[in-house]
Amino acid sequence: MGSAGRHDFAARVRISLTYLWRHGRLPNLDDPRRFTELVQARKLDDRDPRLPAMADKVAVKSIVADRLGPEWVIPTLWSGTKLPSASLWSGPVVVKSRHGCNQYAVVRDAAVDWPAVRRSSARWMKKAYGAWLDEWLYAHIPRGLLVEPFIGATEQLPVDYKIYVFAGEARYVQVHLDRATRHRWVLHDTDWKPLKTGAERIERPSALAAMLAAAEELARGLVFARVDFYQSGDRPLFGEITFYPGSGLDPFDPPALDLAMGDVWRASALAAALPDANRPIGLAAA
């Protein structure tokens, strides 16, 4: 493990106790082997200057447009630090923070929803995101808000396809359903085989091949990144890039996946043939 992790004792204690609370065991931070442990090691060690811009929900759109094309990008209708006093849009929109995760609200009826969304967005702006979980990169994203058009043909939030990419190769697709009501997810391999016996069957998206290729392009040069997409009709759309999925605190089902995915991460770090033995395990050459 890199010197940053060895010497930041307070961060190691916080991370260890939070991990114990969620997983019922302490993490091995000196020789991490599980995927969830490797996420903790990345928090401690990985200070790749590329990561903040790629996790910034405003800045990343220009990266995606440059690498994939503007047709992959959900338009930004507005961005700033304080929402207008009244909605400027007649149709449904989504309000997000640019500097955090799980900070979003759907505005379906502006007359009813807008005041509450303005209050929520003001809370998002009051404090930096990620500090209590030691997620370094979020402190380097400007605090801000953005508004996007709602993507989806129904009242439900769109299906979220989260692609796990290791050393430039897409290996897993985590599908999230019904996030606003009965949130659940199913992990697949890239051939669309569920990795849990008896898992719910989910229709394979028609744009899967395009999303896998796009994820590999966006994660090029990194040992690990998770790249998220939606599909509107047959059209794939970029969502976001995440470097600490679930902050490494969400258990895998079955638990053996945690070790299996950790093996893939470690093998990817070795395959990257890193010239610097002290380089963090989450970082590959550009």
Side-chain angles (χ1 to χ4, degrees), residues 1-52 54-55 99-102 127-141 162 164-169 171-172 174 185 187 195 219 221-227 241-286:
M1 186 170 65
S3 59
R6 283 199 299 270
H7 297 301
D8 192 345
F9 178 74
R12 287 173 64 91
V13 170
R14 287 191 300 268
I15 284 171
S16 295
L17 291 177
T18 306
Y19 190 93
L20 174 64
W21 164 59
R22 289 302 300 270
H23 293 286
R25 62 177 181 272
L26 288 169
N28 185 342
L29 298 177
D30 295 313
D31 185 23
R33 295 189 172 273
R34 293 178 171 89
F35 178 88
T36 53
E37 291 174 332
L38 287 157
V39 173
Q40 311 312 316
R42 168 173 265 182
K43 293 180 195 177
L44 287 168
D45 285 342
D46 195 342
R47 300 296 181 261
D48 182 347
R50 297 171 292 179
L51 303 190
M54 297 180 78
H99 59 283
C101 292
N102 295 317
K127 57 171 81 170
Y129 180 86
W132 76 284
L133 292 173
D134 290 280
E135 296 177 335
W136 159 81
L137 67 85
Y138 292 107
H140 299 273
I141 299 175
K162 302 178 181 294
Y164 288 65
V165 185
F166 298 87
E169 181 182 357
R171 299 293 297 266
Y172 306 96
Q174 190 181 58
W185 55 267
L187 192 67
L195 296 180
L222 298 164
V223 168
F224 168 72
R226 196 194 75 198
V227 188
I241 301 176
T242 301
F243 297 101
Y244 315 118
S247 204
L249 299 175
D250 292 339
F252 283 91
D253 185 15
L257 283 172
D258 201 357
L259 276 170
M261 294 173 69
D263 288 343
V264 174
W265 187 324
R266 290 169 61 86
S268 297
L270 293 174
L274 305 182
D276 180 357
N278 294 317
R279 180 176 290 159
I281 200 164
L283 174 61

With distance as the sole test, does Asp250 use its side chain to make a donor-acceptor pair with the main-chain N or O of Pro245 at under 3.5 Å?
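No, because the side chain of Asp250 does not come within donor-acceptor range (under 3.5 Å) of the backbone of Pro245.
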Who pairs with Arg226 by salt bridge (Lys or Arg N to Asp or Glu O under 4.0 Å), at least two apart in sequence or on another chain?
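So Arg226 forms a salt bridge (Lys or Arg N to Asp or Glu O under 4.0 Å) with Asp228.
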Carefully, step by step, assess Asp46 and Tyr244 under the rule side-chain contact (heavy atoms from CB on, under 4.5 Å).
CA-CA 11 Å; Asp46 195 342; Tyr244 315 118; over 6 Å; no
Please assess Asp30 against Arg12 for the test side-chain contact (heavy atoms from CB on, under 4.5 Å), listing each intermediate value before the final yes or no.
CA-CA 10 Å; Asp30 295 313; Arg12 287 173 64 91; 3.4 Å; yes
Kindly write out the residues that satisfy side-chain contact (heavy atoms from CB on, under 4.5 Å) with [X], not counting sequence neighbours, or none if the list is empty.
X: Asp134; value: Ala11, Arg14, Ile15
X: Ala225; value: Ala219, Leu222, Ile241, Phe243
X: Pro255; value: none
X: Asp263; value: none

Roughly how far, to the nearest 0.5 Å, is the [atom2] atom of [Y] from the [atom1] atom of [X]?
X: Leu257; Y: Phe35; atom1: CG; atom2: CZ; result: 11.0 Å
X: Trp185; Y: Phe252; atom1: CH2; atom2: CZ; result: 5.5 Å
X: Leu259; Y: Thr36; atom1: CG; atom2: OG1; result: 8.5 Å
X: Lys127; Y: Trp132; atom1: NZ; atom2: CH2; result: 10.5 Å
X: Leu133; Y: Tyr19; atom1: CG; atom2: OH; result: 14.0 Å
X: Leu38; Y: Leu29; atom1: CG; atom2: CG; result: 10.0 Å

Walk me through whether Gln40 and Leu249 qualify under side-chain contact (heavy atoms from CB on, under 4.5 Å).
CA-CA 9 Å; Gln40 311 312 316; Leu249 299 175; 4.3 Å; yes
Residue pair [X] / [Y]: nearest heavy atoms and the distance that separates them:
X: His23; Y: Gly248; result: NE2-O, 3.0 Å
X: Pro251; Y: Arg22; result: CD-NH2, 4.1 Å
X: Asp48; Y: Pro52; result: O-CD, 3.7 Å

Do the side chains of [Y] and [X] get nearer than 4.5 Å, heavy atoms only?
X: Met261; Y: Leu187; answer: yes
X: Arg266; Y: Asp31; answer: yes
X: Val13; Y: Ser16; answer: no
X: Val264; Y: Phe224; answer: no

Quick one: list whatever passes side chain to side chain donor-acceptor pair (under 3.5 Å) with [X], sequence neighbours left out.
X: Trp136; result: His140
X: Glu37; result: none
X: Tyr164; result: Gln174
X: Glu135; result: Ser247

For side-chain contact (heavy atoms from CB on, under 4.5 Å), just list the numbers for Ile141 and Tyr129, CA-CA rounded to whole Å, side-chain angles, deciding distance to a tenth of an Å, and then say yes or no.
CA-CA 9 Å; Ile141 299 175; Tyr129 180 86; over 6 Å; no
For Tyr172, give me all partners under ring-ring contact (aromatic ring centres under 6.0 Å, His included), at least two apart in sequence or on another chain.
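Tyr172 satisfies ring-ring contact (aromatic ring centres under 6.0 Å, His included) with no other residue.
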